[in-house]
Amino acid sequence: MSEERSLNFLEEIIEKDLADGKYKSIVTRFPPEPNGYLHMGHATSICLNFGLTKKYPGYTNLRFDDTNPVTEDIEYVENIKNDIKWLGFEWKNEHYASDYFETLYDYAIALIKKGLAYVDDLSSEEIAQLKGTPTEPGKDSPFRNRSVEENLDLFERMKQGEFADGARTLRAKIDMAHPNMLMRDPLLYRIKHAHHHRTGDTWCIYPMYDFAHGQSDSIEHITHSICTLEFVPHRELYDWLIEKLEIYPSHQYEFARRNLSYTVMSKRKLLQLVTDKYVNGWDDPRMPTISGMRRRGFTAASIRNFCETIGVAKRENIVDFSLLEFHLREDLNKTALRAMAVLDPVKLVITNYTGGSEDLQSENGPDEAYGHRTIPFSKELWIEREDFMEVPAKKWFRLAPGAMVRLKSAYIVRCDHFIKDENGILIEIQCTYFPESKSGQDTSGLHVKGTIHWVSAAHAAIAEVRLYDRLFKVEDPSGEEGDFKDYINPNSLQVINAFIEPSLLLASPEKRYQFLRKGYFCLDPDSTEKKLVFNRTVTLKDAWAKEVKK
RNA sequence: UGGGUUAUGGUGUAAUGGUAGCACAACAGAUUUUGAUUCUGUUUGUCUAGGUUCGAAUCCUAGUAACCCAACCA
């Protein structure tokens with residue numbers, strides 16, 4: 001089967017560049033700013049940049065864009081590296097824009113000498129004033145025509161720390177009437193007497209994004225510098241600087257960032273959720289951060305497959321969360337160990353069961369290779385409250401008065417009686433079982449439509465289970481009226497205690513589990529010797545729930 | 001009253017002048033000791049209006065809509 005997958009627009013560009021002999025191999029880069037945690041949006045960029053150099057000859061660098069010491073911190077660096085590795089990618093070189101500060105400074109001098117940059121004494125308000133608007137041209141700064149000597153002197157003194165923060169800037173001398181706002185004498189350097197997490201107090205002037213990013217690309221000989229659409233207007237400046245500086249010509253290409261329904265994907269908004277305590281930190285399992293999703297139980301493969309499926313393009317988009325869940329379930333179904341747990345228990349008593357207890361066998365996974373485990377069975381069991389209906393609905397084939405079901409990997413039982421307390425709450429279901437219907441050696445000739453999971457009451461352990469739902473009530477919280485936080489789902493986390501089968505006491509943090517009929521779960525790091533904590537990664541698809549809705 | 005980018009089913013993405021395809025979702029059915037998985041089938045689309053052409057999602061013209069740009073953030 002030769003299924004030729006069509007190329008996305010970046011692959012087309014690269015294949016053409018390779019075919020034309022423009023490059024023999026390509027170099028891409030992933031350029032995070034160390035000022036926050038990576039999220040699903042970054043994951044698409046990571047998969048894209050690293051994926052391209054996996055498909056074509058070349059490599060990918062990791063470069064920290066650390067040009068703003070005020071917001072950045074070393075703490076984020078390790079987390080970011082860890083997330084990339086977890087996703088399954090390896091970078092060729094690890095760089096920091098701050099490693100290039102000396103070179104960047106020299107580039108600035110070169111620009112000044114060419115009469116293409118000047119030191120401006122205007123305040124940020126004044127600069128904004130003279131910038132004009134998208135529809136009106138700007139006006140020249142009164143300092144625009146300083147001599148090269150004066151600019152050189154002033155810039156040197158900026159570096160020496162003679163001036164206060166904000167007192168002066170270095171600007172490119174381009175065109176204050178340019179239709180592209182970015183070309184109206186953009187700022188290249190600003191004064192910040194701040195301690196940098198890598199360069200310490202060596203510098204008190206720092207390059208702006210536009211005077212660092214493209215130059216760093218160039219220094220590293222990045223062939224394809226891939227960024228998101230909002231940087232399209234920057235490309236003109238990116239190219240201008242490379243041309244004037246006469247340095248290696250990297251090229252910038254832009255794609256549309258991917259948005260996921262029912263969540264937000266901007267660092268600023270995610271930070272708000274954390275600082276305002278809507279969630280319990282960056283790695284809260286409800287967060288679309290890599291660390292949050294990892295804790296939730298997402299697999300790296302499912303995220304990679306998802307990114308592969310949604311592809312890359314240039315139009316605005318909101319991808320269905322269900323597509324991510326599809327890839328999650330697809331992967332988990334193949335790899336998760338099967339076990340039984342009862343989340344909302346009600347007691348089931350087998351009135352004619354005379355033995356004390358017995359050991360039964362149940363399969364561990366989707367196929368024989370996973371083998372079997374032993375589960376204890378006894379007279380009194382916990383079953384799911386929702387698996388019993390006093391007055392069965394149509395198409396109901398679970399437990400109801402007089403109805404029969406199979407207890408998974410055990411026996412067929414028939415409901416004879418049920419007991420309610422004074423408030424009308426069901427507290428016990430009484431059944432008879434059919435000894436000859438034992439799983440694997442059924443000679444009873446009975447046929448039942450439903451199979452339910454259970455845990456032996458005498459052998460059950462208790463674990464905390466955290467059930468997660470989507471963080472927002474609407475598909476596009478950022479697109480709604482008012483504050484996005486108004487649309488937070490108040491029921492996104494439900495903590496319960498559940499009865500788990502004894503084998504789950506040996507659960508390991510790396511493994512994923514399917515609690516039969518209830519969903520995929522994993523151990524949370526909050527677990528202790530005394531109390532295990534499970535996160536529900538995602539539910540199973542539920543055809544009955546759909547039937548009920550109708 | 002500027003510049004830039006984008007328009008294909010509910011969602012995402014193909015088709016590069018020649019049968020509008022794929023995945024998810026939805027719906028119907030089969031199988032099932034998980035109402036899971038698996039399998040089969042069905043519904044739904046080219047922003048609008050003109051034009052070129054034997055033939056247009058694709059080329060041309062004119063519109064329309066959405067998004068981005070006026071941080072000493074990246």
Asker: For A/Tyr209 and A/Phe231, run ring pair (Phe, Tyr, Trp, His ring centres under 6.0 Å): C-alpha distance rounded to whole Å, both residues' side-chain angles, the deciding distance at 0.1 Å, then the answer.
Answerer: CA-CA 11 Å; A/Tyr209 167 83; A/Phe231 289 97; 5.1 Å; yes
Asker: Specify the separation, in whole Å, of atom NE2 of A/His178 and atom P of B/C69.
Answerer: 18 Å
Asker: Once pairs are restricted to Watson-Crick or G-U wobble with both distances under 3.5 Å, how does RNA chain B read as a dot-bracket string, [ ] for crossings and | for other-strand pairs?
Answerer: .((((((..((((....[..)))).(((((.......)))))....(((((..]....))))))))))).....
Asker: Taking all non-hydrogen atoms of both residues into account, name the closest pair between A/Ile80 and A/Gly36 and its distance.
Answerer: CD1-O, 3.9 Å
Asker: Distance check needed: B/U13 P versus A/Leu48 CG, whole Å only.
Answerer: 13 Å
Asker: Tell me whether the rings of A/Phe521 and A/Phe515 are parallel (<30°), tilted (30 to 60°) or perpendicular (>60°).
Answerer: parallel
Asker: Using a strict cut-off of less than 4.0 Å between a Lys/Arg side-chain nitrogen and an Asp/Glu carboxylate oxygen, indicate whether A/Asp542 and A/Arg517 qualify as a salt bridge.
Answerer: no
Asker: Check if the side chain of A/Arg315 and the base of B/U5 share a donor-acceptor pair of N or O atoms closer than 3.5 Å.
Answerer: no
Asker: Strictly below 4.0 Å: does A/Arg190 bring a side-chain N or O up to OP1 or OP2 of B/C73?
Answerer: yes
Asker: Mark yes or no: A/Arg146 above the aromatic ring of A/Tyr118, with NZ or CZ under 6.0 Å from the six-membered ring centre and no more than 45 degrees from the axis.
Answerer: no
Asker: Quick one: label A/Thr451 by what it contacts on the DNA or RNA (base, sugar-phosphate, nothing), any heavy atom closer than 4.0 Å.
Answerer: sugar-phosphate
Asker: Assign each of A/Tyr209 and A/Glu363 to its nearest nucleotide of RNA chain B by heavy atoms, then name whichever residue's nucleotide is nearer the 5' end.
Answerer: A/Glu363
Asker: Quick check, are the ring centers of A/Tyr520 and A/Tyr513 under 6.0 angstrom apart?
Answerer: no
Asker: For B/U38 and B/A23, measure between their P atoms and round to the nearest Å.
Answerer: 13 Å
Asker: Within this structure, what is the NZ-to-C1' distance between A/Lys131 and B/C72, rounded to whole angstrom?
Answerer: 10 Å
Asker: Roughly how many Å apart are B/A36 and B/U32, using the P atom of each and rounding to a whole number?
Answerer: 13 Å
Asker: Suppose we call a contact any N or O donor and acceptor under 3.5 Å apart; does that hold for the side chain of A/Asp320 and the base of B/G10?
Answerer: yes
Asker: Just checking A/Tyr37 against A/His42, ring centres under 6.0 Å apart?
Answerer: no
Asker: Take atom CD1 of A/Ile318 and atom P of B/C67, then tell me their distance rounded to the nearest Å.
Answerer: 11 Å
Asker: May I ask you to evaluate whether A/Arg235 reaches the phosphate of B/C68, defined as a side-chain N or O under 4.0 Å from OP1 or OP2?
Answerer: no
Asker: Test ring pair (Phe, Tyr, Trp, His ring centres under 6.0 Å) on A/His251 and A/Tyr238; report intermediate values, then the result.
Answerer: CA-CA 8 Å; A/His251 292 280; A/Tyr238 183 106; 8.0 Å; no
Asker: Take the protein atom CG of A/Asn317 and the nucleotide atom C1' of B/C24, then report the distance between them rounded to whole Å.
Answerer: 14 Å
Asker: Quick one: is B/A71 close enough that its OP1 or OP2 comes under 4.0 Å of any side-chain N or O from A/Ser124?
Answerer: no
Asker: Could you tell me how far B/C69 sits from B/A74 if I compare only their P atoms? Round to whole Å.
Answerer: 15 Å
Asker: On a whole-Å scale, what distance lies between the C1' atoms belonging to B/U64 and B/A49?
Answerer: 10 Å
Asker: Report which part of the nucleic acid A/Arg338 touches: base, sugar-phosphate, or nothing (heavy-atom distance under 4.0 Å, all strands).
Answerer: base
Asker: Using the P atoms only, state how far B/U46 lies from B/G10, rounded to an integer number of Å.
Answerer: 9 Å
Asker: Base of B/A36, side chain of A/His453 - is there a donor-acceptor contact under 3.5 Å?
Answerer: no
Asker: Hey, does A/Leu122 reach any base, or is it just sugar-phosphate, or nothing, if we go heavy atoms under 4.0 Å?
Answerer: base
Asker: Expressed in angstrom and rounded to an integer, what is the separation of A/Asp66 atom CG from B/C73 atom C1'?
Answerer: 14 Å
Asker: In whole Å, I'd like the distance from the CD atom of A/Glu125 to the P atom of B/C72.
Answerer: 9 Å
Asker: Do the side-chain N or O atoms of A/Arg517 get closer than 4.0 angstrom to the phosphate oxygens (OP1, OP2) of B/G35?
Answerer: yes
Asker: For the pair made of CG in A/Asp175 and P in B/G2, what is the distance, rounded to whole Å?
Answerer: 18 Å
Asker: For the P atoms, the ones on B/U61 and on B/A25, what distance do you get once it is rounded to whole angstrom?
Answerer: 42 Å
Asker: B/U33 base to A/Ser439 side chain: any donor-acceptor pair below 3.5 Å?
Answerer: yes
Asker: Quick check with a 6.0 Å cut-off and a 45 degree axis cone: is A/Lys159 positioned over the face of A/Tyr105's six-membered ring?
Answerer: yes
Asker: Within the structure shown, what part of the strands sits under 4.0 Å from A/Trp396 by heavy-atom distance: base, sugar-phosphate, or nothing?
Answerer: base
Asker: Distance check: side-chain N/O of A/Lys192 vs OP1/OP2 of B/C73, anything under 4.0 Å?
Answerer: yes
Asker: Measuring only the C1' atom in each nucleotide, how far is B/U48 from B/U43? A whole number of Å is fine.
Answerer: 26 Å
Asker: With rounding to whole Å, what would you report as the distance between B/G3 and B/G21 at their P atoms?
Answerer: 39 Å
Asker: Quick one: pull up CD1 in A/Ile412 and NE2 in A/His447 and give me the separation to the nearest 0.5 Å.
Answerer: 8.5 Å
Asker: By nearest nucleotide on RNA chain B, pick out whichever of A/Asn333 and A/Gln514 is the more 5' one.
Answerer: A/Gln514
Asker: Report yes if a side-chain nitrogen or oxygen of A/Lys546 is closer than 4.0 Å to either non-bridging phosphate oxygen (OP1 or OP2) of B/A26; otherwise report no.
Answerer: yes
